[in-house]
Amino acid sequence: QVQLVESGGGLVQAGGSLRLSCTAPRTIFSVFIDFTMEWYRQSPGKQRELVTSTVSSGSTNYADSVKGRFTVSRDNSKKRVYLHMNSLNPEDTAVYYCAAARGGIRDWGQGTQVTVSS
């Protein structure tokens, strides 16, 4: 099982920005680069939704709801991915989860709360 450590959540006003990070400290480099790194989010009463999906090269797919506002950067040497969130609005309030996917298996981080006040 892959250990994923997330950080960076918090409370921000609408229009503000936050950066989340996700690190796989116990995963060796040659394994980490095979992962598709994903960010999900889940709001109360809603299903968990895929926000971004990033392959080793850094190429990323974004959910329509965050395109143009969220950006992922991936640093394989540090075994880390960042989710840069700009122009946040209250609808972005959720617990954000990092996930590492490979070969049909997905491991999850513990989640970090993002709250956007209006």
Side-chain angles (χ1 to χ4, degrees):
Q1 188 172 0
V2 177
Q3 180 192 24
L4 297 171
V5 179
E6 303 169 20
S7 62
L11 174 64
V12 64
Q13 288 188 331
S17 299
L18 281 175
R19 187 186 74 169
L20 308 182
S21 67
C22 172
T23 305
R26 298 180 180 178
T27 300
I28 60 175
F29 171 80
S30 60
V31 173
F32 183 81
I33 60 174
D34 282 343
F35 289 141
T36 295
M37 298 301 296
E38 302 167 328
W39 287 98
Y40 288 77
R41 66 185 181 185
Q42 188 167 21
S43 304
K46 295 186 178 180
Q47 288 189 332
R48 190 172 296 189
E49 65 169 335
L50 177 63
V51 180
T52 70
S53 178
T54 304
V55 297
S56 179
S57 67
S59 177
T60 302
N61 290 318
Y62 297 90
D64 288 343
S65 58
V66 305
K67 280 181 181 176
R69 300 188 299 121
F70 289 12
T71 304
V72 170
S73 58
R74 176 170 180 157
D75 187 339
N76 289 327
S77 66
K78 295 182 179 179
K79 299 173 291 181
R80 185 174 297 164
V81 292
Y82 297 97
L83 179 64
H84 307 266
M85 305 185 293
N86 299 313
S87 302
L88 286 161
N89 58 63
E91 290 69 40
D92 296 315
T93 295
V95 178
Y96 284 72
Y97 297 90
C98 174
R102 182 179 69 157
I105 297 173
R106 182 171 283 105
D107 291 289
W108 297 91
Q110 80 281 6
T112 185
Q113 177 70 46
V114 171
T115 303
V116 184
S117 62
S118 58

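Reckoned from all heavy atoms, side chains included, excluding hydrogens, waters and symmetry mates. Position 1 is the first residue of the sequence; numbering continues from there.
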Measuring from atom [atom1] of [X] to atom [atom2] of [Y], what distance do you get when rounded to the nearest 0.5 angstrom?
X	Y	atom1	atom2	result
M37	L4	CE	CG	5.0 Å
Q113	L11	CD	CG	9.5 Å
Q13	S117	CD	OG	5.0 Å
R41	L83	CZ	CG	9.5 Å
R74	I33	CZ	CD1	8.5 Å

Any heavy-atom pair between the side chains of [Y] and [X] that's under 4.5 Å?
X	Y	result
F70	L88	yes
E6	V81	no
V72	Y82	no
V66	M85	no

Sequence neighbours excluded and cut-off under 3.5 Å, please list the side-chain donor-acceptor pairs for residues 19-30, or say none.
{"unit_1": "S21", "atom_1": "OG", "unit_2": "S7", "atom_2": "OG", "d": "2.7"}
{"unit_1": "T23", "atom_1": "OG1", "unit_2": "R80", "atom_2": "NE", "d": "3.0"}
{"unit_1": "R26", "atom_1": "NE", "unit_2": "Q3", "atom_2": "OE1", "d": "3.2"}

*Any idea how F32 and F35 line up, ring-wise: parallel (<30°), tilted (30 to 60°), or perpendicular (>60°)?*
perpendicular

*Which atoms form the tightest heavy-atom contact between A94 and S43, and what is the distance?*
CB-OG, 3.6 Å

*For residues E38 and T36, is any side-chain donor paired with an opposing acceptor at under 3.5 Å?*
no

*Check whether the side chains of N86 and S17 place a donor and an acceptor atom closer than 3.5 Å, and report yes or no.*
yes

*Residues in side-chain hydrogen bond (donor to acceptor under 3.5 Å, both in side chains) with D75, at least two apart?*
S77

*Determine, step by step, whether R69 and D92 satisfy the salt bridge (Lys or Arg N to Asp or Glu O under 4.0 Å) criterion, reporting the C-alpha distance in whole Å, the side-chain angles of both residues, the deciding distance to 0.1 Å, and the verdict.*
CA-CA 11 Å; R69 300 188 299 121; D92 296 315; 2.7 Å; yes

_Under 3.5 Å: donor-acceptor pair, side chain of T112, backbone of G9_ = yes

_Clusters formed by hydrophobic residues whose side-chain heavy atoms approach within less than 4.5 Å: which one holds L50, and what are its other members?_
Y40, V95, Y97, W108

*Same cluster (ILVMFWY, side-chain, under 4.5 Å), V114 and Y62*: yes

